[in-house]
Colleague: 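There's a structure below that I have some questions on.
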Amino acid sequence: HVQLVESGGGSVQAGGSLRLSCAASGDTRSASCMGWFRQAPGKERERLTSIYTTTDMPYYADSVKGRFTISRDAAKKTLYLQIDSLKPEDTAMYYCAATDSKPGLSAGFLCRASYMYTYWGQGTQVTVS
């Protein structure tokens, strides 16, 4: 099992930046993909970006390309999400998640498939005004 704890959220003005962190613990070697999701009130949860931990290959949703950057510090077992040029519509609860490898599935498919993620953090709130 993998435990995930997010931090770094807060209230910021439009145009600003934030860096979210996700500290992983437990059997982190089993986490093949790690990703960031968000859910705004009244909306469905959406995958923003994910990373294949073997190669650090990132996968971005089209809606966030250019403003969101995912990175990982394997030694610190920490996943990051840099968000630039924040907009009010970025206001949401941001979650970190991870999934184990699945036989027969490519890295790209696994990392992009939101329903595959089984380990979740408690979330960190981002509010943009």
Side-chain angles (χ1 to χ4, degrees):
H1 291 283
V2 178
Q3 292 80 45
L4 304 168
V5 179
E6 303 94 334
S7 62
S11 296
V12 296
Q13 291 188 339
S17 298
L18 276 177
R19 189 176 81 154
L20 307 183
S21 299
C22 172
S25 60
D27 188 13
T28 58
R29 292 173 298 176
S30 68
S32 288
C33 296
M34 297 186 72
W36 288 97
F37 297 73
R38 71 183 178 189
Q39 187 167 22
K43 295 188 177 181
E44 294 187 355
R45 184 178 61 199
E46 63 172 323
R47 186 189 69 88
L48 303 172
T49 177
S50 45
I51 194 167
Y52 185 57
T53 59
T54 300
T55 61
D56 280 344
M57 177 72 179
Y59 300 92
Y60 291 97
D62 289 341
S63 60
V64 303
K65 286 181 180 178
R67 293 196 300 122
F68 289 51
T69 304
I70 190 171
S71 62
R72 190 176 73 99
D73 186 326
K76 295 182 178 179
K77 297 183 179 181
T78 301
L79 185 72
Y80 301 100
L81 179 66
Q82 177 71 33
I83 312 174
D84 298 317
S85 302
L86 279 157
K87 304 175 181 180
E89 51 264 44
D90 293 321
T91 295
M93 185 71 79
Y94 285 69
Y95 297 92
C96 172
T99 180
D100 299 328
S101 62
K102 307 295 182 185
L105 298 182
S106 68
F109 183 90
L110 181 64
C111 290
R112 291 189 180 99
S114 300
Y115 62 91
M116 288 290 184
Y117 288 78
T118 53
Y119 307 110
W120 293 85
Q122 84 289 349
T124 186
Q125 177 69 38
V126 172
T127 303
V128 185
S129 59

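Sequential numbering from 1 along the given sequence is applied to the chain's residues.
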Colleague: How about Q13: does its CD atom have over 12 heavy atoms from other parts shown lying under 6.0 Å from it?
Modeller: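 It does not: Q13 CD has 12 such atoms or fewer within range.
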
Colleague: Check the pair S32, L110 against side chain to side chain contact (heavy atoms under 4.5 Å, CB included), reporting the backbone distance first and the verdict last.
Modeller: CA-CA 9 Å; S32 288; L110 181 64; 4.0 Å; yes

Colleague: Any heavy-atom pair between the side chains of S7 and T124 that's under 4.5 Å?
Modeller: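 With C-beta onward as the side chain, the pair stays apart.
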
Colleague: For the residue pair L48 and Y60, establish whether any side-chain heavy-atom pair is separated by less than 4.5 Å.
Modeller: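 No. Closest side-chain heavy atoms not under 4.5 Å.
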
Colleague: Using a cut-off of 6.0 Å, state whether more than 12 heavy atoms not belonging to E89 lie near its atom CD.
Modeller: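 More than 12 heavy atoms, drawn from other residues, nucleotides or ligands, come within 6.0 Å of this atom.
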
Colleague: Do the side chains of M34 and L4 get nearer than 4.5 Å, heavy atoms only?
Modeller: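 They are in side-chain contact.
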
Colleague: Answer yes or no: is there a side-chain heavy-atom contact under 4.5 Å between R38 and D90?
Modeller: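 Contact flag for R38/D90 side chains = yes.
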
Colleague: Do F68 and W36 make the cut of ring centroids closer than 6.0 angstrom?
Modeller: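 That pair fails the under 6.0 Å test.
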
Colleague: Assess whether ring pair (Phe, Tyr, Trp, His ring centres under 6.0 Å) is satisfied between Y59 and Y52, documenting all intermediate values.
Modeller: CA-CA 8 Å; Y59 300 92; Y52 185 57; 7.6 Å; no

Colleague: Would you call Y117 and C111 a side-chain contact if the rule is heavy atoms closer than 4.5 Å?
Modeller: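 Yes, at least one pair of side-chain atoms sits under 4.5 Å.
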
Colleague: Under a 4.5 Å cut-off applied to non-hydrogen side-chain atoms, are V12 and T127 in contact?
Modeller: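 With C-beta onward as the side chain, the pair stays apart.
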
Colleague: Under the salt bridge (charged side-chain N to carboxylate O under 4.0 Å, His left out) definition, can you give me all pairs with a residue in residues 71-87, not counting sequence neighbours?
Modeller: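 Listed by first then second residue: D56-R72.
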
Colleague: Would you say the side-chain atoms of T78 pair up with the backbone N or O of A23, donor to acceptor, closer than 3.5 Å?
Modeller: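 Answer holds: no.
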
Colleague: Does S63 reach the side chain of E46, with side-chain heavy atoms less than 4.5 Å apart?
Modeller: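 Contact flag for S63/E46 side chains = yes.
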
Colleague: Out of the candidates T99, T28, V2, only one should pair with Y119 under the side chain to side chain contact (heavy atoms under 4.5 Å, CB included) rule; please name it.
Modeller: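 Only one of T99, T28, V2 forms a side chain to side chain contact (heavy atoms under 4.5 Å, CB included) with Y119, namely V2.
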
Colleague: Find out whether Y80 and L20 are in side-chain contact, i.e. whether some heavy atom of one side chain is under 4.5 Å from a heavy atom of the other.
Modeller: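 Of all side-chain heavy-atom pairs linking L20 with Y80, none is under 4.5 Å.
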
